[in-house]
Engineer: 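Take this structure first; my questions come after.
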Amino acid sequence: MDPAIEWVTNGMPKSEDANLPVMSLDNVATARAFHGSFPQYAVTPLANLAGMAQDLGLGGLYVKDESYRFGLNAFKVLGGSFAMARYIAEETGRDVRETTFDYLTSDQLQRDFGHATFFTATDGNHGRGVAWAARRLGQKAVVHMPKGSTRTRFDNIAKEGAEVTIEELNYDDCVRLAAKEAGQTEHGVIVQDTAWEGYEKIPSWIMQGYGTMAAEAAEQLRQLEVNRPTHVFVQAGVGSLASAMVGYFANLFPSCPPRFVIMEARAADCLYRGALAADGDPRVVGGDLQTIMAGLACGEPNTIGWDILRNHADAFLSCPDWVAAKGMRMLAAPVKGDPAVTSGESGAVGMGAVAALMRDARYAELRDALGLGRDSQVLLFSTEGDTDPVRYRDVVWDGAWASK
Ligand SMILES: Cc1ncc(COP(=O)(O)O)c(C=O)c1O
């Protein structure tokens, strides 16, 4: 039998919730307007899996398909690009609303701002986004990847003209390396997708950038006459993405928020462990963090994100790798009539988890605690496509990480 999904409902004491305004509707609208200024911008599809919902006993199931984002196969560029724009706006004394794509790619930018080197650590997707944005802005990017990073992900970043290395370090130690090097470099800036004490501004801008995805999804649901999702499932590495989605929907529906379920890879389940300890303090997971969900292989929570999740999340799930693999196969071959979604390892864990909750008697208690059933309108985020095409085929075509 497969190792089970472990879960805990949120019984943590609440904080003052001082970080929720990071994801105010205004901040997210600004991010969305910024992304809208890119010639590559298009709203990514929201796959309406009506047949799958029916089959699983849900009212509706909707999957935001980020494999279409800017040709980069993942949502991450939304964060890095907006943070770089806000950083440049601050350095040049401009309003961020004026730092459009046209301005950022103009000769005027070089006169106003000059050249900086943007450092970051990444499992792949964030670094690719930073490298992509830096190249378009005529800036330099240096990217460090953790031990075990795959060649395709390395090549995709190198292709964008960034200086890339794969280190003998885990993700969290790569972050420390990037921060140190940025500190030692003239005009060096670290654009990291996680916050820690004393490093909060840039990660909060990154979270706002992710907000574009949430705002698009909310609008697409309304177009489908779903005014409010009843449940939002979102996966987490450091928790920037999850807290951004949770923060946006908590601000959008302040009196009646959806239920929020946070999913992590078993090997890097720091948020789950914090929720299990239930004292409100975050927990850290160390070691090699080996999981097929490379984007979720982060053992140290974003401090701002943790605070938002602590106050607003309903449940935390620690998911073995088979959950993601199952989700990938289900999204690749859904019920006849439903659109297929090419969803990578870190993108598909929500599908696998929802299927397990609805179909496996082991999770009946959690399903009931969350009130999941025929009246539920469930929103998932497929945050990446086949960013590692070899592994994608191993899983989807050849059945690797099959559930038993
Ligand atoms: C595809 C994908 N999904 C989800 C995440 C998780 O985001 P976060 O680290 O903000 O929790 C990542 C992070 O790199 C990712 O690449």
Side-chain angles (χ1 to χ4, degrees), residues 22-23 44 63-69 72-80 83 120-130 143 145-146 149-150 153 156-157 170-172 174-175 191-196 202-211 213-214 233-247 260 262-265 268-272 274 282 285 289 291-306 308-309 313 316-317 319 324 327-328 331 341-351 353 380-388 391-392:
V22 166
M23 294 308 298
T44 57
V63 181
K64 187 74 172 144
D65 183 355
E66 290 296 304
S67 70
Y68 288 92
R69 185 65 69 187
L72 292 174
N73 221 1
F75 79 103
K76 278 257 152 179
V77 64
L78 293 173
T120 198
T122 186
D123 63 89
N125 294 323
H126 171 64
R128 189 175 179 187
V130 168
V143 178
M145 304 183 74
S149 295
T150 65
R153 292 196 170 113
N156 279 333
I157 298 171
N170 75 12
Y171 167 83
D172 304 287
C174 282
V175 172
V191 184
Q192 200 53 55
D193 52 353
T194 188
W196 55 87
I202 287 181
S204 67
W205 294 338
I206 288 178
M207 288 163 56
Q208 291 165 2
Y210 297 162
M213 175 170 62
F233 280 70
V234 57
Q235 56 273 53
V238 297
S240 304
L241 162 73
S243 57
M245 301 302 100
V246 168
F260 297 114
I262 313 305
M263 299 155 303
E264 293 177 282
D269 55 0
C270 50
L271 302 168
Y272 163 78
V285 176
L289 312 175
T291 165
I292 59 168
M293 294 172 255
L296 312 188
C298 318
E300 298 183 27
N302 168 338
T303 46
I304 302 172
W306 171 253
I308 293 178
L309 295 177
F316 294 82
L317 274 51
C319 300
M328 290 164 73
L331 289 172
V341 178
T342 301
S343 183
E345 300 87 310
S346 300
V349 63
M351 184 66 254
L380 310 178
F381 298 94
S382 174
T383 47
E384 67 177 351
D386 54 346
T387 53
D388 184 342
R391 176 163 287 164
Y392 181 83

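Order of listing sets the numbers, starting from 1, for every ligand and every atom in it. Just so you know, these numbers come straight off a predicted model, no measurement behind them. Keep in mind that the numbers below use all heavy atoms, side chains included, and drop hydrogens, waters and symmetry copies. Each residue takes its place number in the sequence, starting with 1.
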Engineer: Among protein heavy atoms, which sits nearest to atom 3 (N) of ligand 1, and what does the distance come to when rounded to 0.1 Å?
Structural biologist: T383 OG1, 2.7 Å

Engineer: Would you say V238 and ligand 1 have an N/O pair spaced under 3.5 Å apart?
Structural biologist: yes

Engineer: Return the closest protein heavy atom for atom 11 (O) of ligand 1 as residue, atom name and distance.
Structural biologist: G237 N, 2.6 Å

Engineer: Are any of the side-chain heavy atoms of I157 and T122 separated by less than 4.5 Å?
Structural biologist: yes

Engineer: So among T194, L309, I308, which one has a side-chain contact (heavy atoms from CB on, under 4.5 Å) with N302?
Structural biologist: T194

Engineer: Which distance, rounded to the nearest 0.5 Å, do you find between the CG of L289 and the CD of E300?
Structural biologist: 9.0 Å

Engineer: Say you draw a straight line from OH of Y171 to CG of L296; how long is it, rounded to the nearest 0.5 Å?
Structural biologist: 11.5 Å

Engineer: Any chance you could measure M263, atom CE, to Q235, atom CD, to the nearest 0.5 Å?
Structural biologist: 5.0 Å

Engineer: Please state which protein non-hydrogen atom is closest to atom 7 (O) of ligand 1 and give its distance, to 0.1 Å?
Structural biologist: L241 CB, 3.7 Å

Engineer: Would you compute the distance between atom CZ of F75 and atom CG of L241 and round it to the nearest 0.5 angstrom?
Structural biologist: 4.0 Å

Engineer: So is K76 polar-close to ligand 1, meaning N/O to N/O under 3.5 Å?
Structural biologist: yes

Engineer: Which atoms from ligand 1 have a heavy atom of E384 less than 4.0 Å away?
Structural biologist: 1 (C)

Engineer: Relative to atom 1 (C) of ligand 1, which among V349, T122, N125, D193 owns the nearest non-hydrogen atom?
Structural biologist: N125

Engineer: Under 4.0 angstrom from ligand 1, any heavy atom of A236?
Structural biologist: yes

Engineer: Identify, for atom 12 (C) of ligand 1, the protein heavy atom at the shortest distance, and state residue, atom and that distance.
Structural biologist: G295 O, 3.4 Å

Engineer: Examine F75 against ligand 1 and note whether any of their N/O atoms are separated by less than 3.5 Å.
Structural biologist: no

Engineer: If you measure from OG on S346 to CD on E264, what distance do you get to the nearest 0.5 Å?
Structural biologist: 12.0 Å

Engineer: Out of curiosity, is G239 lining ligand 1, as in a heavy atom under 4.0 Å away?
Structural biologist: yes

Engineer: Counting each atom of ligand 1 from 1 as listed, which ones have a heavy atom of L296 under 4.0 Å away?
Structural biologist: 4 (C), 5 (C), 6 (C)

Engineer: Just one of T387, V77, L72 clears the side-chain contact (heavy atoms from CB on, under 4.5 Å) bar with N125, so which one?
Structural biologist: T387

Engineer: Between C298 and ligand 1, is there a nitrogen or oxygen pair with a distance under 3.5 Å?
Structural biologist: no

Engineer: Nearest 0.5 Å, please: how far is CE in M23 from OG in S243?
Structural biologist: 7.5 Å

Engineer: Without hydrogens or angle criteria, can the side chains of E66 and T383 be said to hold a donor-acceptor pair below 3.5 Å?
Structural biologist: no

Engineer: Please report whether ligand 1 has a polar contact with Y210, defined as an N or O pair separated by less than 3.5 Å (distance criterion only).
Structural biologist: no

Engineer: Closest non-hydrogen protein atom to atom 14 (O) of ligand 1, residue and atom name please, with distance?
Structural biologist: D123 OD2, 2.8 Å

Engineer: Which atoms of ligand 1 are found less than 4.0 Å from any heavy atom of S240?
Structural biologist: 8 (P), 10 (O), 11 (O)

